[in-house]
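These notes are about the structure you will find just below.
Given the structure is predicted, the values throughout are model-derived calculations rather than measurements. Sequence lines set the chain letters: A, B, ... in the order given, protein chains first and strands last, and positions in each chain run from 1.
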Protein chains: 2
Amino acid sequence: MTKPIPVCKIGIVHKDKVKSAQSAIKNEHNILEASEIFKILSDPTRLKIVMALAKEELCVCDIAALLNLTESAISHQLRLLKNSRIVKHRRDGKMAYYTLDDEHIEDLIKAALQHTTE
Amino acid sequence: MTKPIPVCKIGIVHKDKVKSAQSAIKNEHNILEASEIFKILSDPTRLKIVMALAKEELCVCDIAALLNLTESAISHQLRLLKNSRIVKHRRDGKMAYYTLDDEHIEDLIKAALQHTTE
DNA sequence: TTAACGATTGAGCAATTGTTCAACTGAATG
DNA sequence: CATTCAGTTGAACAATTGCTCAATCGTTAA
């Protein structure tokens, strides 16, 4: 904080409104975490992966075939999804099977899809 | 479509599961629109703007003061939010007052915040 | 008309992103 | 053991992003 605060030339704006709005965004930490989730789901490839895993448990190879991308590309994205605790995986021999690790994510996606169809 | 489809060397993976997952992501258009909304909300500055506007009608100057950024930076972000029909504005003299243009967005943000606090 | 000011716009830049490529790991098979 | 192959990883690259700076627009007031 305490940086070179920019304000309209005259000085004060709408003090009361700004103060009220301030209270709506005071929890910086939570906001950053929320934006992180949005960022994860903002890439079409990752969003498709999540939606696919919401329906079926799949191996890396399955997802690569499904999305027509290399296993490497999928693996990179799965790592991000895993770091965000959105997916988890189990190993079975050479294969790695991925599933969703968070049921709330489905509601989030449903809410976003609802916005698109209005 | 019809690109150099990559699949595990052996050939077939889990046909039935892939086919089932395919149905979950068949509506490409909707998925792209959903990811667009997520992308808009994935930037902390934009997310704060939206959360602030969910509580109060504010002018560009107010938001700049609130977030400690230049009016230019805010204006650029507001244009993106306006293009996505998430905010709207009214003019009053020199000032431009912004408000939310979509009540569903608040639910979306609430859902994301819920994910962070579990 | 002129000056002031809130707001907008475009160029430019550093930082971040998603993919490919190549090398590598680790488990299963011969 | 050596080979095979699903999966992972890191480097590199183009493309995108969010901000600053400077110029400009549009409205208000002198």
Fill in: Identified side-chain contact (heavy atoms from CB on, under 4.5 Å) counterpart of A/Ile105 within the set A/Ile40, A/Val50, A/Leu81
A/Val50

Worksheet item: Hey, are the side chains of A/His104 and A/Leu108 touching, using non-hydrogen atoms and a 4.5 Å cut-off?
Response: no

Discussion item. Treating B/Ser20 as the side-chain partner and B/Asp16 as the backbone partner, does any N or O pair qualify as donor plus acceptor under 3.5 Å?
Written reply: no

Discussion item. Using modelled atom types and a 3.5 Å cut-off, is there a donor and acceptor pairing between side-chain atoms of B/Ser75 and backbone atoms of B/Ser72?
Written reply: no

Practice prompt. Using whole Å, report how far CG of B/Leu78 lies from C1' of D/dC19.
Written response: 14 Å

Worksheet item: Taking the side chain of A/Cys61 as its heavy atoms from C-beta onward, which of D/dG18, D/dG7, C/dG18 lies nearest to it?
Response: D/dG7

Fill in: For atom CZ of A/Arg46 and atom P of C/dT17, their distance in whole Å
9 Å

Worksheet item: In whole Å, what is the span from the CD1 atom of A/Ile74 to the P atom of C/dG18?
Response: 12 Å

Worksheet item: Under 4.5 Å between side-chain heavy atoms, hopping through other hydrophobics if needed: is there a path connecting B/Leu80 to B/Ile49?
Response: yes

Fill in: DNA chain C contacts made by residues 31-45 of chain A, counting heavy atoms under 4.0 Å
A/Lys39, A/Asp43, A/Thr45

Worksheet item: Starting at CD of A/Glu71 and ending at C1' of D/dT4, how long is that distance when rounded to a whole Å?
Response: 13 Å

Worksheet item: Contact class for A/Tyr97 vs. all strands (heavy atom < 4.0 Å): base, sugar-phosphate, or nothing?
Response: nothing

Worksheet entry | Heavy-atom closest contact (A/Leu58 atom, A/Ala52 atom, distance) | CD1-CB, 4.1 Å

Worksheet item: Reckon B/Gln77 has a side-chain N or O less than 4.0 Å from the OP1 or OP2 of D/dC19?
Response: yes

Worksheet item: For every nucleotide of nucleotides 20-30 of chain D, 5' to 3': is a protein heavy atom under 4.0 Å from its base (B), only from its sugar-phosphate (S), or from neither (-)?
Response: BBB----BS--

Worksheet entry | A/His14 and B/Tyr97 aromatic ring geometry - parallel, tilted or perpendicular at 30°/60° bounds | perpendicular

Worksheet item: Does atom NZ of B/Lys82 have more than 12 heavy-atom neighbours from other groups under 6.0 Å away?
Response: yes

Worksheet entry | Under 4.0 angstrom between B/Tyr98 side-chain N/O and C/dT8 OP1 or OP2 | yes

Worksheet item: Looking only at side-chain N and O atoms, does A/Arg79 come under 4.0 Å of OP1 or OP2 in D/dG7?
Response: no

Worksheet item: A/Leu81 has an atom CG; how far is it from atom C1' of D/dT8, in whole Å?
Response: 15 Å

Worksheet item: Transitively linked via ILVMFWY side-chain contacts under 4.5 Å: A/Leu113 with A/Phe38?
Response: yes

Worksheet item: Which whole-number value in Å describes the distance from A/Arg90 CZ to D/dA6 P?
Response: 17 Å

Discussion item. Can you measure A/His89 atom NE2 to D/dT8 atom C1' for me and round it to whole angstrom units?
Written reply: 10 Å

